[in-house]
Amino acid sequence: MVQSFRSDRPSRTRTVTGQPVEEVPEWWLARGGSQPEYWVYRAIVRTGRLEENGDFIYQSKFFGGRLTRGGSVVDFLIKSPRVGINVQSKYFHSRTSQQRAHDALQRASLEANGLRVEFIQEEEAINSPDEAVREALAGTRAKGPLGT
């Protein structure tokens, strides 16, 4: 999900405790990735045991994907253990009750088909992605509809 159409588009540089850390590379934005998804991607790779297209897939479609009724997309599908990690931005996931209900239904559908689904909030993805990914892989995150 590219955020370029939004008027409140954040800087491409991540800031933690007021200090710039790293800029999101153009190749990531070109493939349609959001900034918070990039920080989670980097944290997954930093675990040292997961490689893209081998151990995990970015933007994996289920039941036909976003454009199919009842379909969904998991931001990161970890093959073993079978875990889906979705990054929850405020803009696309928590502004309305309809968005929150959609996410809860998506989680229920995916979990009914054998996939453990973990949500990482946008703030966590930016400020503490390593910890959030570690918790998601271990299955120790909170279990509310939005992972809170």
Fill in the blank from the handout: side chain to side chain contact (heavy atoms under 4.5 Å, CB included) filter on Ala43, not counting sequence neighbours, yields Arg46, Pro129, Asp130, Val133
Shortest non-hydrogen separation from [X] to [Y] and the atoms involved:
| X | Y | result |
| --- | --- | --- |
| Ala136 | Glu118 | O-CG, 3.6 Å |
| Leu137 | Arg116 | O-NH2, 3.2 Å |
| Leu110 | Ser72 | CD2-OG, 3.8 Å |

State, with a plain yes or no, whether a side-chain heavy atom of [X] is found less than 4.5 Å away from one of [Y].
| X | Y | answer |
| --- | --- | --- |
| Arg107 | Phe119 | yes |
| Thr47 | Leu50 | yes |
| Val45 | Phe56 | yes |
| Val40 | Glu37 | no |
| Asn113 | Phe62 | no |
| Phe76 | Val87 | yes |
| Ile78 | Asp55 | no |

Handout entry: With Glu52 via side-chain hydrogen bond (donor to acceptor under 3.5 Å, both in side chains) - residues at least two apart
Key = Arg31, Tyr41
Practice task
Kindly indicate, with the supporting measurements, whether the criterion side-chain contact (heavy atoms from CB on, under 4.5 Å) is fulfilled by Trp39 and Val24.
Solution key: CA-CA 8 Å; Trp39 309 125; Val24 176; 3.5 Å; yes
Handout entry: Spatial distance of atom OG1 (Thr140) from atom CD (Glu135) [nearest 0.5 Å]
Key = 4.5 Å
Fill in the blank from the handout: One should read off an interatomic distance between Leu29 CG and Glu23 CD, to the nearest 0.5 angstrom, of 8.5 Å
Problem - Flag, side chain of Glu111 to backbone of Ala108, donor-acceptor distance under 3.5 Å - result: no
Exercise for the section: Give a yes or no answer on whether the side chain of Trp28 reaches the backbone of Ser34 with a donor-acceptor pair at less than 3.5 Å. Expected result: yes
Problem - Residues Asp75 and Gln59: side-chain donor-acceptor under 3.5 angstrom - result: yes
Problem - salt bridge (charged side-chain N to carboxylate O under 4.0 Å, His left out) partners of Glu131, counting only residues at least two apart - result: none
Problem - Verdict with supporting geometry, Asn86 and Ile120, side-chain contact (heavy atoms from CB on, under 4.5 Å) - result: CA-CA 6 Å; Asn86 275 349; Ile120 295 177; over 6 Å; no
